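Here's the structure we're looking at; comments come further down.
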There are 2 protein chains.
Amino acid sequence: MTEQRTERRPTRQRAAIADALVGTAEFRSAQEIHAALAGRGERVGLATVYRNLQAMAGDGEVDVIRTADGEAVYRSCATDDHHHHVVCRSCGLAVEVTGDAVERWAEAVAAEHGFTAVRHTVEIDGLCADCAARR
Amino acid sequence: MTEQRTERRPTRQRAAIADALVGTAEFRSAQEIHAALAGRGERVGLATVYRNLQAMAGDGEVDVIRTADGEAVYRSCATDDHHHHVVCRSCGLAVEVTGDAVERWAEAVAAEHGFTAVRHTVEIDGLCADCAARR
DNA sequence: CCACGATTTGACAACGGTTCTCATCCTGAA
DNA sequence: TTCAGGATGAGAACCGTTGTCAAATCGTGG
Ligand SMILES: [Zn+2]
Ligand SMILES: [Zn+2]
Ligand SMILES: [Zn+2]
Ligand SMILES: [Zn+2]
């Protein structure tokens with residue numbers, strides 16, 4: 001359960017990928033990040049992007065969720081603490097939210113059925129105010 | 001927001017697929033279902049399994065969730081009402097759960113940030129009592 | 001400053017799940 | 001029964017992701 005911060009070596013590529021993630025409020029796929037880096041002149045292999053992204057996700061440096069069609073999208077979190085997201089279906093805008101209520105509910109309902117080592121994923125999506133207005 | 005029950009034609013294949021889903025408490029992938037049907041002598045094309053499965057999911061007849069590696073797995077729900085699942089990471093056992101607390105929380109936290117047309121997915125996973133004991 | 005073992009990278013092949021294509025088969029309605 | 005259009009199946013196509021392995025890179029000890 002304890003996140004073991006695997007010792008990893010700092011490289012230009014890793015920094016570039018991390019850079020591409022900061023500042024963007026939306027979730028981005030590995031391929032989008034790869035393209036963004038390429039367009040910016042940063043030469044980074046696609047496999048490297050995938051490798052680093054999942055390494056970062058494993059270390060909890062970034063959040064990763066699955067789109068409806070199964071694609072993995074990443075986002076650098078503002079906080080290290082456990083949290084969830086409300087994502088706009090139209091523009092991708094994502095805000096981070098927390099809620100003890102859900103956390104406790106998840107834990108309780110699982111325990112109630114004899115489950116242990118419980119984890120959970122909660123994703124909320126809708127239309128942000130801007131996109132709703134632009135209708 | 002209202003699920004429009006698309007008029008679909010009844011076929012032998014559709015029935016077979018629906019059959020393969022009832023009785024099993026675990027989530028199964030399209031390919032597993034296809035294999036199960038084949039082994040049972042039911043000849044159904046893989047594409048057809050995919051098509052029907054997503055059609056049923058669209059109509060809310062079955063639940064669909066994504067495994068960690070992005071594979072879509074389906075399960076016929078015992079109830080038509082909105083609910084969630086607690087799934088065993090080891091054996092796949094799934095129990096259906098509901099909770100007004102989460103529903104309200106999701107709605108509230110989304111509205112709080114200006115989001116509308118809100119939806120959500122909540123998946124809880126852990127080790128069921130049996131699997132935990134079998135350690 | 002340099003040599004060396006361990007990591008990391010990158011180009012490309014391979015993979016696996018899902019979707020597309022389209023000729024053929026069925027179904028419900030007339 | 002006939003007919004128009006939805007449904008099916010076999011296989012190719014798609015596409016995100018992972019594997020391969022030689023070459024480049026990094027930290028370290030000398
Ligand atoms: Zn938006
Ligand atoms: Zn949580
Ligand atoms: Zn179990
Ligand atoms: Zn719910």
Side-chain angles (χ1 to χ4, degrees), chain A residues 4-21 26-59 61-75 87 92 123, chain B residues 4-21 26-59 61-75 92 121 123:
Chain A
Q4 48 189 337
R5 185 151 319 263
T6 314
E7 194 53 48
R8 278 182 291 131
R9 206 147 57 173
T11 66
R12 172 182 64 79
Q13 293 85 340
R14 177 185 307 289
I17 294 172
D19 254 25
L21 280 173
E26 297 92 37
F27 281 88
R28 309 177 71 182
S29 71
Q31 315 231 29
E32 287 175 332
I33 292 173
H34 176 251
L37 291 177
R40 186 190 304 184
E42 285 282 2
R43 184 140 342 209
V44 181
L46 178 58
T48 299
V49 175
Y50 274 104
R51 276 188 297 244
N52 281 344
L53 243 22
Q54 32 194 57
M56 294 183 203
D59 287 358
E61 294 177 34
V62 301
D63 271 3
V64 51
I65 61 180
R66 291 264 176 190
T67 62
D69 54 308
E71 191 178 17
V73 287
Y74 306 81
R75 177 174 186 279
V87 184
E123 293 302 334
Chain B
Q4 47 190 340
R5 184 150 319 257
T6 314
E7 195 53 48
R8 280 181 292 129
R9 230 189 292 192
T11 65
R12 170 183 65 78
Q13 293 83 340
R14 177 184 306 289
I17 294 172
D19 254 26
L21 280 173
E26 296 93 38
F27 282 88
R28 308 177 71 183
S29 70
Q31 315 232 25
E32 286 176 332
I33 292 173
H34 176 252
L37 291 178
R40 186 191 303 183
E42 284 283 2
R43 181 132 348 208
V44 181
L46 179 56
T48 300
V49 175
Y50 274 103
R51 276 188 297 244
N52 282 338
L53 245 19
Q54 35 195 53
M56 295 183 201
D59 286 359
E61 294 177 34
V62 301
D63 272 4
V64 51
I65 62 179
R66 292 265 174 189
T67 62
D69 53 309
E71 190 178 18
V73 287
Y74 306 82
R75 178 175 187 278
T121 61
E123 292 302 333

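Remember, predicted model here, so these are calculated numbers, not experimental data. By convention in this document, chain letters (A, B, ...) are assigned in the order of the sequence lines, proteins followed by strands, and residues within each chain are numbered from 1.
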Residue set satisfying side chain to side chain donor-acceptor pair (under 3.5 Å) with B/Arg75, at least two apart, ordered chain then number -> B/Glu96
**Prompt:** Checking A/Arg14 side chain against A/Arg9 main chain: does a donor-acceptor pair fall under 3.5 Å?
**Reply:** yes
Heteroatom pairs (N/O) under 3.5 angstrom, protein to nucleotides 18-20 of chain C:
unit_1, atom_1, unit_2, atom_2, d
C/dT18, OP1, B/Ala72, N, 2.9
C/dT18, OP2, B/Tyr50, OH, 2.6
C/dT19, OP2, B/Gln54, OE1, 2.9

Those residues at least two apart in sequence (or on a different chain) that pass side chain to side chain contact (heavy atoms under 4.5 Å, CB included) with B/Ala57 are B/Val62, B/Val64, B/Tyr74
Residue pairs meeting ring pair (Phe, Tyr, Trp, His ring centres under 6.0 Å), one or both in residues 28-54 of chain A, sequence neighbours left out, come to none
Margin query: Under 4.0 Å, heavy atoms only, any strand: does A/Asn52 hit a base, just the sugar-phosphate, or nothing?
Written below: sugar-phosphate
In terms of heavy-atom contacts, A/Ala55 and A/Arg8 come closest through CB-NH1, 3.9 Å
Rounded to whole Å, the CG-P distance (A/Leu37 to C/dT9) equals 12 Å
Taken in chain and number order and not counting sequence neighbours, the residues that satisfy side chain to side chain donor-acceptor pair (under 3.5 Å) with B/Thr67 are B/Asp69
The ring pair (Phe, Tyr, Trp, His ring centres under 6.0 Å) partners of A/Phe27 (sequence neighbours excluded) come to A/His85
With sequence neighbours left out, the residues meeting side chain to side chain donor-acceptor pair (under 3.5 Å) with B/Arg51 are B/Thr48
Double-helix bend of the helix from C/dC1-D/dG30 to C/dA30-D/dT1, axes at both ends from 5 pairs, round to 10°, gives 30°
Hey, what are the protein-to-nucleotides 2-5 of chain D N/O distances that come in under 3.5 Å?
unit_1, atom_1, unit_2, atom_2, d
D/dG5, N2, B/Arg9, NH1, 2.8
D/dG5, N2, B/Arg9, NH2, 3.4

task = Decide yes or no for B/Met56 and B/Ile17: does some side-chain heavy atom of the first lie under 4.5 Å from some side-chain heavy atom of the second?
result = yes
Between CZ of B/Arg8 and C1' of D/dA7 the distance, given in whole Å, is 11 Å
When rounded to the nearest 0.5 Å, the distance separating CD of A/Glu123 from CG of A/Asp63 is 8.0 Å
Between the CD atom in A/Gln31 and the CD atom in A/Glu71, the distance rounded to the nearest 0.5 Å is 6.5 Å
In terms of heavy-atom contacts, A/Gly92 and A/Val87 come closest through O-CG1, 3.9 Å
In whole angstroms, the gap separating C1' of C/dA11 from CZ of A/Arg43 amounts to 13 Å
B/Glu32 atom CD is separated from C/dG16 atom P, nearest whole Å, by 15 Å
Which atom pairs, donor and acceptor, lie under 3.5 Å between side-chain atoms of residues 35-44 of chain A and protein residues at least two apart or in another chain?
unit_1, atom_1, unit_2, atom_2, d
A/Glu42, OE1, A/Arg12, NH1, 3.1

Within residues 10-18 of chain A, the residues having a heavy atom closer than 4.0 Å to DNA chain C are A/Thr11, A/Arg12, A/Gln13
